[in-house]
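Working notes, structure below.
As the structure is a computational prediction, the values presented were derived from the model and not from experiment.
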Amino acid sequence: MRRDNLRDQVERIAGALAGPATGFALLLVIWKIISLKIIEIPGPESTLLAALELFSDPFYDNGPNDVGIGWNILASLGRVALGFVLAAAVGIPTGFLIGRVPSINAICSPVISLLRPVSPLAWLPLGLLLFKAANPAAIWAIFICSIWPMIINTAEGVKRVPQDYLNVARVLDLSEWKVFTRILLPSVMPYVMTGVRLSIGTAWLVIVAAEMLTGGTGLGFWLWDEWNNLNVQNILIAVLVIGVVGLALDLALLAVARRFNYEA
């Protein structure tokens, strides 16, 4: 019986890994074919060797514009974390208010519809004008691009709370705080987590582009600096690192979301 259970577990794991393994194998094959056709594009083997060398000492520091990739990753993650936390602190409560109070919804919805489609990088010059420094401007761009999914998804979740629940709360004469903690919050958390996942993905996309324009330490600046040095191997490594970090952030938030919604 134990052997059968072990075999079933092994088969399930193998089945779950088969798809991703096939996808990555196809990616490597396509990459290899392109590198054979275009001589300027390094192949997977040489890029892997360069990555191993790069990560052998990820936290060296030879000055402001020459630091290890570890410092660049941490710098980008720090900016994303700060801008994202600020966006959550503003966006989630605002979403609750918009979903709960019709008059606030009537006031805010047209403004959100106007500002939400604006490219996040369009806000970067305003950030530079307001804060007079590159680092706060990049955090501002993260904040402004992260806030909309959290506001919209939270407000939508509040609007979808069954009216029967609210009617019962009115009959029981529950306070607004109890309505929030006992009814709204449990019902809306899956929507909030969806907004959080969308926001962190957008934030990670924006920070790389913002760092290309603002300079300093960070993956975006490092990628742009490697382009100026025509180091294509490091550009490919940067692309892969950005993808891996973004995937790790999404998987971490997906694990949190599943605690609130088993269908996530």
Close side-chain approach of Lys132 and Leu128, heavy atoms under 4.5 Å: no

With side chains defined as the heavy atoms from C-beta onward, is the minimum distance between Arg116 and Ile152 less than 4.5 Å? yes

So Glu45 and Leu49, do their side chains get closer than 4.5 Å, heavy atoms only? no

Checking the side chain of Trp204 only, and the main-chain atoms of Ile242 only, is there a donor and an acceptor separated by less than 3.5 Å? yes

Return yes when atom CD of Glu53 has more than 12 non-hydrogen atoms of other residues, nucleotides or ligands closer than 6.0 Å, and no otherwise. no

For Ala138 and Arg79, which heavy atoms make the closest approach, and how far apart are they? CB-CD, 4.2 Å

Tell me whether Lys159 at atom NZ has more than 12 heavy atoms from other residues, nucleotides or ligands lying less than 6.0 Å away. yes

State, to 0.1 Å, how close Pro136 and Phe131 come at their nearest heavy-atom pair, and which atoms those are. CB-CB, 3.6 Å

Looking only at atom types and distance, does a side-chain atom of Ser46 sit under 3.5 Å from a main-chain N or O of Pro42, one as donor and one as acceptor? no

Are Ile139 and Ile147 in one and the same hydrophobic cluster, where Ile, Leu, Val, Met, Phe, Trp and Tyr link if side-chain heavy atoms are under 4.5 Å apart? yes

Using the rule that Ile, Leu, Val, Met, Phe, Trp and Tyr join whenever any side-chain heavy atoms are under 4.5 Å apart, tell me whether Leu130 and Leu115 fall into a single cluster. yes

Decide if the gap between the ring center of Phe180 and the ring center of Trp177 is smaller than 6.0 angstrom. yes

Within the structure provided, determine whether Leu213 and Leu124 are in side-chain contact (heavy-atom separation under 4.5 Å). yes

Quick one: does Asn231's side chain have a donor or acceptor within less than 3.5 Å of a partner on Trp227's backbone? no

Looking only at heavy atoms, which two atoms of Met150 and Ser199 are closest? And how far apart? CG-OG, 3.4 Å

Quick check: closest heavy atoms across Pro190 and Pro186, and the distance to 0.1 Å? CD-O, 3.9 Å

Determine whether more than 12 heavy atoms belonging to other residues, nucleotides or ligands lie under 6.0 Å from atom CZ of Phe24. no

Quick check: does any side chain N or O of Trp224 sit under 3.5 Å from a backbone N or O of Met212, one acting as donor and the other as acceptor? no

Tell me whether Trp31 contacts the main-chain N or O of Leu26 through its side chain, where contact means a donor paired with an acceptor under 3.5 Å. no

Can you classify the ring geometry of Trp123 versus Trp140 as parallel (below 30°), tilted (30 to 60°) or perpendicular (above 60°)? perpendicular

Quick one: does Ile104's side chain get under 4.5 Å of Ile107's, heavy atoms only? no

Is it possible for you to say whether Val196 and Leu184 belong to one hydrophobic cluster, with membership spreading through side-chain heavy-atom contacts below 4.5 Å? yes

Is there a chain of hydrophobic side chains (I, L, V, M, F, W, Y, each step under 4.5 Å between heavy atoms) that links Val241 to Ile41? no

For residues Pro149 and Asn153, report the shortest heavy-atom separation together with the two atoms involved. O-ND2, 2.8 Å

What side-chain donor-acceptor pairs closer than 3.5 Å can you find for residues 81-102, not counting sequence neighbours?
from: Thr94; atom 1: OG1; to: Val90; atom 2: O; distance (Å): 2.6
from: Arg100; atom 1: NE; to: Glu176; atom 2: OE2; distance (Å): 2.8
from: Arg100; atom 1: NH2; to: Glu176; atom 2: OE1; distance (Å): 3.3
from: Arg100; atom 1: NH2; to: Glu176; atom 2: OE2; distance (Å): 3.4

Do Tyr191 and Thr154 come within less than 4.5 Å of each other through their side chains, counting heavy atoms only? no

Leu129, CG: over 12 other non-hydrogen atoms inside 6.0 angstrom: yes

Please confirm whether the backbone N or O of Gly246 pairs with a side-chain atom of Asp250, one donor and one acceptor, at under 3.5 Å? no

Between Val256 and Met193, is there a side-chain heavy-atom distance shorter than 4.5 Å? yes

Closer than 3.5 angstrom, by distance alone: can the side chain of Ser76 be matched with the main-chain N or O of Leu219 as a donor-acceptor pair? yes

Smallest separation among heavy atoms of Cys145 and Thr202, with atom names: SG-CG2, 3.9 Å

Cluster check Val232, Leu230: I/L/V/M/F/W/Y, side chain < 4.5 angstrom: no

